[in-house]
Amino acid sequence: MSTVEREHVFPPLMERHYPIVDGRIQTRSLEAHIVDHCNLTCVECCSLSPLLPPWTADPASLFEDLVRAARVVKPRVFKLVGGEPTLHPDLVAILRGVRATGIAPKISVTTNGLLLGRLPDAFWEEVDALTISLYPKPRLGAALVTHIEAQATRFNVALNWKTQTQFVRMTRDPVSHDVAETQAVYHDCWLRERCHLIRDGIFYTCTRPPHMQTLHRGANDFTHDGIPLHDGDSLVDELHAYLMRETALQACFHCRGGSASMEPHRMMRHAEVQAEKARFE
């Protein structure tokens with residue numbers, strides 16, 4: 001394997017096309033955030049991880065959600081994300097459960113890479129690909145990079161080294177009440193095509209609603225921004241209509257979208273994190 005980074009186009013190209021083949025909607029990707037917390041405090045984290053309480057996904061519950069989802073959707077890749085997913089204590093069990101559902105032909109993990117040196121061979125046996133975010137600080141040590149490349153070669157795991165020197169300034173502060181502006185944000189936002197997410201039995205077109213649900217601690221209900229998974233025959237049509245909708249989500253009024261302006265990557269100081277958390281308590 002090589003440490004040469006793949007060229008990333010920003011903003012990513014849109015592909016608003018969801019054919020239904022053999023009763024399953026064909027999509028680019030689907031993901032589950034299996035932890036909310038992280039070992040870093042990146043400012044403007046799209047998952048809001050520095051501001052969220054520790055949480056880990058239950059492997060059995062995620063398995064049940066994916067069994068339902070696999071009936072109606074067929075992503076090219078299924079991604080385990082966070083927070084920092086390598087913090088999940090049952091990561092191997094999660095991976096094995098995802099594989100058993102047949103949700104996608106490829107399973108990927110998105111990580112900052114800092115804990116990959118501690119993971120057992122069983123992890124490398126179960127994963128097909130890794131996207132490793134490379135930040136200015138903290139940097140991965142040379143020994144850790146060598147270990148990652150050796151394990152990837154040994155277990156035939158594809159590596160995507162993704163340099164991230166900037167983060168998108170997505171969170172609106174204060175919230176917008178401009179319907180037309182928010183509608184335009186939704187129309188142009190690539191997140192709703194590339195960041196489909198399953199959380200607590202609900203399929204979301206992007207990751208922002210469930211994380212905002214946690215952040216706002218029930219003061220605002222963002223669960224209606226998604227489609228509940230169920231066993232009925234109508235789910236495939238409901239989900240397809242949802243993916244093709246042109247009405248902005250409630251979460252969009254709190255978000256500038258994936259193509260908003262960017263700022264240099266940096267870590268939030270402890271006092272900053274505590275001050276931001278206090279605003280939602």
Side-chain angles (χ1 to χ4, degrees), residues 1 6 24-40 45-47 49 52 54-134 140 144-145 147-162 194-204 206-207 210-211 229:
M1 294 291 173
R6 179 190 304 171
R24 298 176 72 186
I25 305 167
Q26 312 294 294
T27 67
R28 179 184 182 278
S29 64
L30 179 62
E31 60 192 69
H33 289 214
I34 59 172
V35 302
D36 280 349
H37 51 293
C38 187
N39 50 357
L40 299 180
C45 171
C46 64
S47 301
S49 291
L52 303 185
W55 173 86
T56 57
D58 174 61
S61 296
L62 179 59
F63 177 82
E64 293 175 2
D65 287 346
L66 295 187
V67 167
R68 288 190 174 91
R71 294 175 47 244
V72 295
V73 65
K74 186 178 181 180
R76 297 198 294 269
V77 59
F78 186 86
K79 299 184 289 185
L80 296 178
V81 192
E84 174 47 50
T86 59
L87 290 171
H88 198 291
D90 295 316
L91 181 54
V92 173
I94 290 274
L95 285 164
R96 288 172 177 165
V98 172
R99 183 83 64 189
T101 67
I103 186 72
K106 180 187 294 185
I107 302 173
S108 176
V109 173
T110 300
T111 172
N112 58 39
L114 293 171
L115 302 179
L116 288 176
R118 306 178 186 180
L119 297 185
D121 286 353
F123 164 81
W124 296 91
E125 290 170 348
E126 295 297 333
V127 70
D128 298 306
L130 288 175
T131 291
I132 304 173
S133 299
L134 299 175
L140 299 184
L144 179 54
V145 170
H147 172 78
I148 292 169
E149 291 183 328
Q151 288 292 84
T153 299
R154 179 184 173 196
F155 292 98
N156 194 30
V157 175
L159 292 182
N160 173 24
W161 300 94
K162 186 177 181 182
R194 299 171 68 95
C195 298
H196 301 162
L197 171 74
I198 285 181
R199 175 72 173 248
D200 297 331
I202 300 176
F203 181 106
Y204 295 94
C206 89
T207 62
H211 296 312
L229 298 169

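This one's a predicted model, so the numbers in the text were calculated from it and none came from an experiment. One is the number of the first residue; the rest follow in order along the sequence.
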Are the side chain of Q151 and the backbone of E149 linked by a donor-acceptor contact shorter than 3.5 Å? no

List the residues meeting side chain to side chain contact (heavy atoms under 4.5 Å, CB included) with A69, not counting sequence neighbours, and say none if there are none. V73, I103, I198, L229

What pair of heavy atoms forms the shortest contact from I94 to A57, and how long is it? CD1-O, 4.3 Å

What distance separates I132 CD1 from K162 NZ, expressed to the nearest 0.5 Å? 12.5 Å

On a heavy-atom basis, which atom in T111 and which in G113 lie closest, and how many Å separate them? OG1-N, 2.8 Å

Show me the side-chain donor-acceptor pairs of residues 61-68 shorter than 3.5 Å, one per line, residues at least two apart or across chains.
| residue | atom | partner | partner atom | Å |
| --- | --- | --- | --- | --- |
| S61 | OG | D58 | OD2 | 2.9 |
| D65 | OD2 | G201 | N | 3.0 |
| R68 | NE | D231 | OD1 | 3.2 |

Quick one: does any side-chain atom of H37 pair with a main-chain N or O of W55 as donor and acceptor, under 3.5 Å? yes

Which heavy-atom pair separates L52 from S47 by the least distance, and what is that distance? CD1-O, 3.5 Å

Between L140 and N112 the two heavy atoms that sit nearest each other are CD2-O, 3.6 Å

Pairwise side-chain contact, V109 with F123, heavy-atom cut-off 4.5 Å (strictly under): yes

Between atom NE2 of H196 and atom CG of L30, what is the distance when rounded to the nearest 0.5 Å? 8.5 Å

Any sub-3.5 Å donor-acceptor pair from T131's side-chain atoms to T110's backbone N or O? no

For the student: nearest non-hydrogen atoms of V77 and S108, plus distance: CG2-CB, 3.9 Å

Report the C-alpha separation of F155 and V127 in whole Å, then their side-chain angles, then the decisive distance to 0.1 Å, and conclude whether the side-chain contact (heavy atoms from CB on, under 4.5 Å) test is met. CA-CA 9 Å; F155 292 98; V127 70; over 6 Å; no

Contacts of I202 that satisfy side chain to side chain contact (heavy atoms under 4.5 Å, CB included) - sequence neighbours left out: Y204, T223

Looking at S49 and G83, what are the two nearest heavy atoms and their distance? OG-N, 3.0 Å

Nearest 0.5 Å please: distance from the CG atom of L116 over to the CD1 atom of I148. 4.5 Å

To the closest 0.5 Å, what do you measure between NZ (K106) and NZ (K79)? 11.5 Å

The complete set of salt bridge (charged side-chain N to carboxylate O under 4.0 Å, His left out) pairs with one or both residues in residues 80-103, sequence neighbours excluded, reads R96-E126, R99-D128

Rounded to the nearest 0.5 angstrom, the CG-CG distance for L87 and L114 is 9.5 Å

Taking only residues two or more places apart in sequence, or in another chain, which ones meet R154 in a salt bridge (Lys or Arg N to Asp or Glu O under 4.0 Å)? D121

Listed partners of T207 passing side chain to side chain contact (heavy atoms under 4.5 Å, CB included), at least two apart: E31, H33, C195, L197, H211

Do F78 and L95 pass the side-chain contact (heavy atoms from CB on, under 4.5 Å) test, and can you show the C-alpha distance, the side-chain angles, and the key distance before you say yes or no? CA-CA 10 Å; F78 186 86; L95 285 164; over 6 Å; no

Would you confirm whether S29, through its side chain, and R194, through its main-chain N or O, come within 3.5 Å as a donor-acceptor pair? yes

Kindly compute the distance separating NZ (K74) from CD1 (I25), expressed to the nearest 0.5 Å. 13.5 Å

